[in-house]
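Remember, it's 1-based here, ligands and their atoms both numbered in the order they're listed.
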Amino acid sequence: MKIKEILTVLEEMAPLAYAEDFDNVGLLVGNQNLDATGVLVCHDALENVIDEAIAKNCNLVVCFHPILFAGLKKITGKNYVERAVIKAIRNDIAIFAIHTALDNHQDGVNKIFCDALGLKNTSVLIPKQNFIRKLITFTTPENAEQVRQALFNAGAGNIGNYDDCSFSSTGIGSYRGNEKSNPVIGKQFENVQTNEVKIEVTFEKYLESKILKALFDSHIYEEVAYEIYELQNTHQNIGLGMLGIFEEPMEEEVFLQLVKDKMIAGGIRHSAFTNKKIKKVAVLGGSGSYAIKNAIMAGADAFLTADLKYHQFYEAENQLLLADIGHFESERYTKNYIVDFLRKKILNFAIILSEENTNPVKYL
Ligand SMILES: [Zn+2]
């Protein structure tokens with residue numbers, strides 16, 4: 001099995017197009033055309049993790065955080081990033097980072113966070129914008145089903161928990177072909193009016209070239225008439241942060257103790273108690289201070305995230321319980337999810353969970 005085949009499975013888990021623009025995801029180091037010897041899954045691809053990969057004969061390291069983020073101008077081994085990269089290159093080890101592609105996925109980091117706490121009825125906290133496009137095309141009634149199916153197979157027509165979504169209407173299309181034309185219906189220079197079906201479907205914008213290929217391959221006309229629009233709609237299944245509900249509301253102190261236990265937090269810093277019971281909770285694994293307002297607007301009783309500064313605790317405004325549970329802790333089960341996913345998709349292959357603890361923060 002080639003490394004690139006494993007990367008294809010990782011893209012199935014979370015398309016890289018889901019990542020935020022500022023991010024640096026995908027294959028960061030290495031040659032994807034090499035045969036894979038084993039996969040080591042970790043949170044941070046530090047030098048000790050590369051050592052572990054060497055010891056366990058894994059030439060692909062899949063990490064959550066990208067070790068290369070801001071770019072390198074010199075590679076001399078003067079810091080932890082350069083040392084990890086040098087060691088990986090020297091030992092023919094590829095490094096792949098998934099990061100916000102998995103943060104934004106409905107089954108990703110924040111769903112894993114919600115599941116760990118027992119939160120139900122989850123929904124995305126900040127649905128992604130400018131991610132959905134609409135295709136409109138016109139064809140004969142006889143060709144319509146073939147075109148619809150081809151578009152669905154290419155990934156169009158998914159809305160929330162539904163697939164194969166489209167809208168079709170009928171009308172009269174008209175055209176006249178020139179001397180170079182070869183019309184399916186009518187002849188050159190003939191004014192044709194014919195029954196047509198207008199098909200409308202939405203799709204995630206990164207799929208556009210695949211969708212257009214499916215359209216052209218399945219459509220019977222010489223010239224395929226189509227229109228693509230950018231939609232203002234948010235994508236309800238993709239985005240940062242997640243909301244979830246406890247079946248039974250609980251006191252704030254009980255809630256924080258549950259979070260501490262389930263997420264194995266070294267300590268929790270939190271805003272003043274609101275004296276409300278906790279039922280609806282917003283979570284955002286990693287640095288999530290930017291989402292405090294979203295959590296309040298969503299009516300959450302508590303917001304769990306990490307990397308909060310002193311003044312940001314004031315932003316709770318006594319409207320919710322704001323808690324910083326630690327960056328690593330809030331994302332701690334992500335690597336287990338990646339391992340489980342890969343093991344389900346790739347059988348009889350060494351997919352190993354790293355044993356190195358890469359959390360840079362220690363607690364007294
Ligand atoms: Zn993080």
- When the aromatic ring centroids of Tyr226 and Tyr221 are compared, is their separation below 6.0 Å? no
- Task: Measure the spacing between CD1 of Ile211 and CD of Glu204 and express it to the nearest 0.5 Å.
- Result: 9.5 Å
- Note on the structure: Shell check on the Zn ion (ligand 1): protein N, O or S atoms less than 2.8 Å away are His65 NE2, His327 NE2, Glu331 OE1, Glu331 OE2
- Closest heavy-atom contact between Thr274 and Glu252? N-OE2, 2.7 Å
- Message: Contact between Leu320 and Leu322 at the side-chain level, heavy atoms closer than 4.5 Å - yes or no?
- Response: yes
- Return the orientation label for the Tyr337 and Phe341 ring planes: parallel under 30°, perpendicular over 60°, tilted otherwise. tilted
- Query: Salt bridge between Glu20 and Lys128, side-chain N to carboxylate O under 4.0 Å?
  - Reply: yes
